[in-house]
J.: 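The structure follows.
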2 protein chains.
Amino acid sequence: MPRPRRPLLTRDRIVETALALIDADGLGALSTRRLAAALGVQGPSLYNHFATKDDILDAVADTVTGAVDTSGFASRDWTAALRDWAWSYRRALTAHPNIVPYLAQGPGRRPAALAMADAVYGGLVRAGWPPARATHIGAALRYFVAGSALGSFARGFVEDPELYAAHYPHLRQAHRLAEHQQSVDEGAFALGLDALLHGLAAEYTRTVGTVESARPKG
Amino acid sequence: MPRPRRPLLTRDRIVETALALIDADGLGALSTRRLAAALGVQGPSLYNHFATKDDILDAVADTVTGAVDTSGFASRDWTAALRDWAWSYRRALTAHPNIVPYLAQGPGRRPAALAMADAVYGGLVRAGWPPARATHIGAALRYFVAGSALGSFARGFVEDPELYAAHYPHLRQAHRLAEHQQSVDEGAFALGLDALLHGLAAEYTRTVGTVESARPKG
DNA sequence: TCCCCTAAACTAGCGGTGTAAGTTTTCATT
DNA sequence: AATGAAAACTTACACCGCTAGTTTAGGGGA
């Protein structure tokens with residue numbers, strides 16, 4: 001097949017299909033040939049639109065990150081904005097859990113990640129946090145969200161309780177975790193996020209100023 | 001070469017060499033043939049000792065996790081024990097950063113991970129936390145540590161500041177992050193951990209009891 | 001309008017991957 | 001002493017990411 005009258009591929013179509021395949025079958029099941037086949041095309045044709053497979057994955061990661069909402073930093077006080085952002089961030093990642101290992105690992109140089117960092121950092125500095133502190137806070141929240149989306153804690157446990165009872169006395173009821181996987185993970189996230197924000201608020205009043213100065217500038 | 005008089009391979013030697021290769025060249029550079037070559041052996045010989053490559057990686061992950069110290073839960077109050085554990089956990093992971101993506105992702109069914117969960121969960125319950133809360137706290141800390149070890153926040157930034165100034169106004173000084181990568185990541189971890197523990201301590205006094213009841217049982 | 005360069009598909013193929021299958025020889029057990 | 005398992009080997013398969021070279025359609029300049 002020579003050059004077709006209308007291009008069969010576009011970057012958007014490739015990224016979209018790649019994300020669908022990753023969601024359906026996992027990161028390891030995405031090969032250039034399988035992706036191309038899903039697009040009705042031969043493997044190497046992808047290289048007319050992307051330089052490497054990693055470039056495709058970067059683009060996929062960028063669209064996932066792009067779904068994160070940071071608008072709270074423009075309108076709400078910094079603790080509420082952080083909370084909204086963290087939950088939105090988590091939702092964006094858990095909506096596509098199979099890409100998270102790639103996304104969390106790779107560089108934050110992708111546009112959507114930079115825009116997100118910019119919004120968070122800017123919002124915290126505007127709220128009165130010293131720049132170095134703002135950096136740390138953004139990073140700490142990112143750690144927590146990425147970790148929570150990466151490996152489900154509960155998923156690691158298995159249904160058979162006997163496996164645990166013998167060697168790990170306190171985990172005798174751990175098999176129940178498998179049943180309530182999602183609620184355990186979300187509960188742990190909610191608890192940890194609340195604790196983090198509580199601790200940060202205490203640090204804020206201790207080192208930055210009163211609650212009043214935390215109002216958005218508008 | 002037939003069966004040698006003394007076995008050339010042992011599980012321990014394989015795991016040890018695999019970890020060294022991963023540390024040196026990254027997870028992606030570990031192939032069964034390269035690993036075997038480093039052991040003075042042909043690729044498929046590994047399958048006399050491990051069923052799959054993933055089994056090898058699981059064993060590597062288990063030895064890394066095994067270096068985490070949870071002894072604080074036996075002797076210190078729960079906040080100090082959590083802090084010690086989190087730092088030890090982080091040190092164990094950052095000592096072998098290349099294996100972290102695999103480790104953080106996979107199931108927690110490996111013995112060392114189970115033993116760790118057992119110690120943490122048991123320690124928190126003994127301190128008076130309700131079982132469900134203890135599960136959430138252990139998971140939340142795990143999220144935070146894994147996320148912090150997984151992707152360096154600072155590493156994502158690049159030296160050239162002009163790349164940022166144009167589109168991301170608040171990141172104008174982000175290039176400095178690259179210089180202080182390690183201290184930024186550690187500072188973010190320290191800040192986040194302190195905030196988390198502060199928030200958990202507040203939750204403890206609010207819902208569980210006074211500080212007195214948090215003493216270790218002994 | 002003709003020409004030509006670029007774009008976007010193709011086919012063929014390279015070196016590498018995990019692992020299955022079967023072979024050979026040594027060691028340990030009966 | 002015989003036997004069977006263990007631990008190395010070789011060969012081979014299907015797949016991987018990617019390169020090189022080919023073919024033709026489309027668009028811009030003479």
Side-chain angles (χ1 to χ4, degrees), chain A residues 1-62 98-99 101-103 105-107, chain B residues 1-62 98-99 101-103 105-107:
Chain A
M1 185 192 294
R3 176 177 185 184
R5 320 197 157 224
R6 278 200 53 235
L8 305 179
L9 300 178
T10 64
R11 286 177 64 98
D12 283 353
R13 226 163 74 75
I14 293 172
V15 169
E16 189 181 308
T17 306
L19 181 54
L21 282 183
I22 291 169
D23 284 345
D25 304 324
L27 195 56
L30 186 82
S31 75
T32 55
R33 291 186 232 271
R34 278 166 53 89
L35 172 56
L39 289 158
V41 130
Q42 298 295 322
S45 298
L46 299 172
Y47 291 90
N48 288 313
H49 303 267
F50 289 93
T52 67
K53 185 191 180 185
D54 267 6
D55 279 3
I56 300 176
L57 289 174
D58 279 345
V60 171
D62 204 53
N98 293 337
I99 189 72
Y102 184 86
L103 190 150
Q105 190 186 166
Chain B
M1 185 194 295
R3 176 176 184 181
R5 308 174 174 248
R6 275 201 55 235
L8 305 179
L9 300 178
T10 63
R11 287 178 62 99
D12 282 352
R13 227 164 73 74
I14 293 171
V15 168
E16 189 181 309
T17 307
L19 181 55
L21 281 183
I22 291 169
D23 284 345
D25 304 323
L27 195 56
L30 184 83
S31 74
T32 55
R33 291 186 232 272
R34 277 167 54 89
L35 172 57
L39 289 158
V41 130
Q42 298 295 324
S45 298
L46 299 171
Y47 291 89
N48 289 313
H49 302 268
F50 289 93
T52 68
K53 185 191 181 186
D54 268 6
D55 279 4
I56 300 176
L57 289 174
D58 279 345
V60 171
D62 204 53
N98 293 336
I99 189 71
Y102 184 87
L103 188 150
Q105 189 187 164

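Only this structure's heavy atoms are used, side chains among them; waters, hydrogens and symmetry mates stay out. So that the names make sense, note that chain A is the first sequence line, chain B the second, and so on, each numbered from 1.
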J.: Residues two or more places apart in sequence or in another chain: which of them pass side-chain contact (heavy atoms from CB on, under 4.5 Å) with B:Ala38?
T.: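 Once residues adjacent in sequence are excluded, the partners of B:Ala38 under the side-chain contact (heavy atoms from CB on, under 4.5 Å) criterion are B:Thr17, B:Leu21.
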J.: Near DNA chain D, which residues from residues 17-27 of chain B have a heavy atom under 4.0 Å away?
T.: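 Those residues: none at all.
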J.: Run the side-chain contact (heavy atoms from CB on, under 4.5 Å) test against A:Asp54 and tell me which residues pass, sequence neighbours left out.
T.: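 A:Asp54: side-chain contact (heavy atoms from CB on, under 4.5 Å) contacts with A:Thr52, A:Leu57, A:Tyr102.
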J.: Could you state the CD1-P distance from A:Ile56 to D:dC16, rounded to the nearest angstrom?
T.: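 After rounding, the reported distance stands at 13 Å.
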J.: Between A:Gln42 (CD) and C:dT11 (P), how many Å, whole number?
T.: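 Interatomic distance, CD of A:Gln42 to P of C:dT11: 5 Å.
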J.: B:Asn48 has an atom CG; how far is it from atom P of C:dT24, in whole Å?
T.: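 Spelled out: CG on B:Asn48 to P on C:dT24 is 16 Å.
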J.: Any side-chain heavy atom of B:Leu30 sitting closer than 4.5 Å to one from B:Asn98?
T.: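 A side-chain contact is absent here, since even the closest heavy-atom pair is not under 4.5 Å.
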J.: I need the CG-C1' distance between A:Asp55 and D:dG17, as an integer number of Å.
T.: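 Answer to the nearest Å: 13 Å.
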J.: Just how far, in rounded Å, is C1' of D:dC9 from CG of B:Leu9?
T.: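 Checked: the CG to C1' distance equals 12 Å.
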J.: Would you call A:Asn48 and A:Leu9 a side-chain contact if the rule is heavy atoms closer than 4.5 Å?
T.: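 Heavy-atom side-chain distance check fails, nothing below 4.5 Å.
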J.: Provide, to the nearest angstrom, the distance between the CZ atom belonging to A:Arg11 and the P atom belonging to C:dA7.
T.: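 Checked: the CZ to P distance equals 14 Å.
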J.: Can you name the residues that form a side chain to side chain donor-acceptor pair (under 3.5 Å) with B:Asp23, not counting sequence neighbours?
T.: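 If we apply the side chain to side chain donor-acceptor pair (under 3.5 Å) test to B:Asp23, skipping adjacent residues, the hits are B:His96.
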J.: Just to verify, what does A:Asp12 make a side chain to side chain donor-acceptor pair (under 3.5 Å) with, not counting sequence neighbours?
T.: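 With sequence neighbours excluded, A:Asp12 shows a side chain to side chain donor-acceptor pair (under 3.5 Å) to no residue whatsoever.
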J.: Which heavy atom in A:Val60 sits nearest to a heavy atom in A:Ala18, and how many Å separate them?
T.: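 Between these two residues, the closest heavy atoms are CG2-CB, 3.9 Å.
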J.: Check the interface with nucleotides 18-20 of chain C: list each N/O to N/O pair with the protein under 3.5 Å, or write none.
T.:
residue, atom, partner, partner atom, Å
C:dG18, OP1, B:Thr32, N, 3.4
C:dG18, OP1, B:Lys53, NZ, 2.7
C:dG18, OP2, B:Thr32, N, 2.7
C:dG18, OP2, B:Thr32, OG1, 2.7
C:dG18, N7, B:Arg33, NH2, 2.8
C:dG18, O6, B:Arg33, NH2, 2.8
C:dT19, OP2, B:Tyr47, OH, 2.4
C:dT19, OP2, B:Lys53, N, 2.8
C:dT19, O5', B:Tyr47, OH, 3.3
C:dT19, O4, B:Arg33, NH1, 3.2

J.: Show, in sequence, the C-alpha distance, side-chain angles and deciding distance for B:Phe50 and B:Thr32, and conclude whether the side-chain contact (heavy atoms from CB on, under 4.5 Å) test is met.
T.: CA-CA 11 Å; B:Phe50 289 93; B:Thr32 55; over 6 Å; no
J.: Round to the nearest Å and state the distance from B:Leu35 atom CG to C:dG16 atom P.
T.: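 Rounded to the whole Å, the gap is 17 Å.
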J.: Rounded to whole Å, how long is the line connecting atom CG of B:Leu46 with atom P of D:dA6?
T.: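 To the nearest whole Å, that distance equals 17 Å.
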J.: Would one find a side-chain N or O of B:His49 under 4.0 angstrom from OP1 or OP2 of D:dA6?
T.: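 Checking D:dA6 against B:His49, no side-chain N or O comes under 4.0 Å of OP1 or OP2.
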J.: Is there a side-chain contact between A:Asp25 and A:Arg34, using heavy atoms and a 4.5 Å cut-off?
T.: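 SC-SC contact between A:Asp25 and A:Arg34 confirmed.
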